[in-house]
Amino acid sequence: MSARTIPSSTAIAGEVDRLTLATRQKKLPATFLASFSVKKRLQLDLNADRLPDGKPSIDKTCTKLLTEADLKAVEAAYDALLLFSRLAYLVDQNPELRPMMLQLWAAGVWQWMLFLFNCGEDLNETIGNEGRPLSRLTRQVITVGLVDVLLGCADSVPLAKQLVIPDILSLIGRLWFEDLEIPGRRNFVHSELTFTMYHLLNDNASNDSVLSTLIKAIGGGAKNIMQAATDHFRRLVSSVPPVAKSVHSQLYFIEFLVKNPTFRDAMHEVDTLSVAILGVDAFTKKAKDAEAVAACIECILTPHLLSGMSVKPLVQAINKGLLLSLYDARIAFQSDDYCCDVIAEVVVNVIAPALAFRSVLHAIERSETKAGFLASYDEIRKSNELHEWETLREFYLETLKFKHELDEILHPCGRTECPTNDVDEPIKLQRCGKCEYQRYCSRECQQLDWPKHKRRCIKEAGPEIYPVSDREFVRELAEFEIRKNVKSLKERIQKNPLLKNSTENLHFQVDFSTLDRNISIGVLPRRKGEERVAAVYAKVKSGREELRSLGRVAEVDELLSPRSRSHVWVKE
């Protein structure tokens with residue numbers, strides 16, 4: 001059969017559409033390939049020997065003056081690529097297509113894709129064609145065609161494996177990042193290629209070269225990829241109304257990215273946090289989409305809050321209106337159990353335990369001063385049972401009261417005999433540089449107290465907790481919990497022979513990583529000549545890590561005595 005008697009790629013593509021769309025099936029008749037000479041047509045039009053540039057590269061522009069034959073070959077190859085994309089979608093339902101498609105890919109399909117992208121961003125501008133314009137093949141048209149081919153291949157398991165070559169990965173990355181606007185198809189390129197990138201990365205999760213190739217192709221590293229994903233998500237949630245399919249696809253892609261430490265760190269360099277909160281607000285007030293709110297919290301917000309080694313992301317989120325956004329979503333979707341559970345998870349397991357940090361408490365206090373939603377809870381709960389918010393409010397008010405009382409304390413100089421301790425007015429104190437706990441009015445007092453203090457001057461066990469004001473606050477709060485529960489702790493010590501009769505030192509650990517604030521008691525090795533002392537530890541959840549911070553070190557009897565160290569402590 002001659003080339004002239006073989007149907008054109010456009011005609012074959014039309015028949016594919018008729019056979020599949022009309023019957024709503026993805027199965028082609030067994031005689032389809034032979035009756036339309038599909039393989040012959042694609043071999044002719046996608047033959048690599050017909051390339052104007054014999055060795056196309058994504059980074060090398062073709063500057064050759066095209067002949068009439070070259071121009072015809074380019075147009076025919078573009079039409080054949082569109083046919084190839086249609087067949088790629090049908091490979092899994094038509095096994096007879098598989099060997100043909102794989103053979104065609106190896107023979108020249110991917111080379112034509114590279115040529116069209118790099119040399120044909122707009123063929124009328126980049127290639128000398130002696131005034132013979134290719135009106136059909138503009139930059140936008142070529143981009144749409146390439147995206148269709150990539151999507152079709154990504155949708156087929158055997159063909160998707162053919163995309164994992166550096167040149168094609170680079171093509172995908174550049175098209176995705178460039179995000180060319182297509183008239184009448186808003187957000188088409190980025191949204192559709194997000195699907196392709198997700199599948200390639202997910203299917204090759206253990207292959208670091210796939211990710212590194214995409215990062216290299218886009219340029220600027222992981223930060224630029226995260227910035228592009230975030231900017232696109234912002235556009236999606238800002239559209240009216242947001243397109244649910246595209247939004248969810250982008251959410252799951254970002255969630256996948258931030259599982260990688262490189263992207264998790266990059267998330268803090270771009271404004272992903274604000275966009276996540278914007279998404280919660282948009283899906284609550286505009287789209288009324290409970291599923292999207294839950295996905296936004298799970299895929300972006302929670303990973304962001306738990307990333308890093310500090311509560312700084314949480315403080316930033318609260319300052320940007322996180323609590324009010326979650327509160328409004330909880331009220332709006334109170335009948336959606338899953339969405340309510342997701343919101344409760346953040347409030348109870350992330351925000352409320354972090355009240356052990358002064359910086360988080362300050363952030364909530366500022367937010368409450370501005371919005372006042374916790375103060376209005378009494379009115380809301382008459383018609384709504386919001387248990388997680390009641391819990392948060394209870395812990396907030398309790399911890400806030402403790403902070404106010406703690407700030408009123410006149411801290412004494414660490415040297416008991418210092419005359420300034422008898423003066424009922426505040427004095428400027430400096431911390432011990434090692435333990436950062438004991439305070440002194442002067443270097444002289446510190447030196448005089450050193451023989452006594454050195455036995456208890458233990459270096460901070462949780463230096464990851466910063467700033468120092470956060471470490472100090474959680475240590476003070478830990479000792480407060482110990483003294484508040486001193487009666488029950490004494491009973492536990494008396495009932496446990498290992499603790500009661502131990503010649504070793506005791507340590508108490510208050511667990512602030514949950515709302516229960518359980519206190520555990522253990523023993524530490526005792527050094528020769530050392531009095532029996534007690535160490536107070538605070539276990540906290542800072543970011544994604546659980547950390548242990550050393551608190552007060554004192555004699556056991558002093559710590560468990562009913563005598564109060566200050567008016568803050570609860571007496572027996």
Check each of Val315, Leu314, Leu323 against Ile364 using the side-chain contact (heavy atoms from CB on, under 4.5 Å) test, and report the only one that passes.
Leu323

Please list all pairs passing the ring-ring contact (aromatic ring centres under 6.0 Å, His included) test where one or both residues lie in residues 152-189, with sequence neighbours left out.
Trp176-His190, Trp176-Phe253

Any side-chain donor paired with an acceptor under 3.5 Å for Lys320 and Ser274?
yes

I want to check something: taking the side chain as every heavy atom from C-beta on, are Leu236 and His232 in contact at a cut-off of under 4.5 Å?
yes

Angle between ring planes, Phe84 versus Trp105, binned at 30° and 60°: parallel, tilted or perpendicular?
tilted

How about Met100 and Leu87: do any of their side-chain heavy atoms sit closer than 4.5 Å?
yes

Would Arg18 and Glu15 pass as an ion pair if we require N to O under 4.0 Å?
yes

Sub-4.5 Å side-chain heavy-atom contact between Met101 and Val109
no

Would you tell me whether Gln227 and Asp231 have side-chain atoms, one donor and one acceptor, within less than 3.5 Å of each other?
yes

State whether Lys541 and Asp511 are salt-bridged, where the test is any N-O pair (Lys NZ or Arg NE/NH1/NH2 against Asp/Glu carboxylate O) under 4.0 Å.
no

If the plane angle is over 60° it's perpendicular, under 30° parallel, otherwise tilted; pick one for His248 and Tyr252.
perpendicular

Considering the options Leu200, Leu211, Ile58, Leu201, which one meets the side-chain contact (heavy atoms from CB on, under 4.5 Å) requirement together with Leu169?
Leu200

Show which side-chain atoms of residues 280-294 pair as donor or acceptor with protein atoms under 3.5 Å away, not counting sequence neighbours.
from: Asp281; atom 1: OD1; to: Ser325; atom 2: OG; distance (Å): 2.8
from: Asp281; atom 1: OD2; to: Ser325; atom 2: OG; distance (Å): 3.2
from: Thr284; atom 1: OG1; to: Val280; atom 2: O; distance (Å): 2.6
from: Asp289; atom 1: OD1; to: Glu291; atom 2: N; distance (Å): 3.1
from: Asp289; atom 1: OD1; to: Ala292; atom 2: N; distance (Å): 3.0

Decide yes or no for Ser246 and Thr194: does some side-chain heavy atom of the first lie under 4.5 Å from some side-chain heavy atom of the second?
no

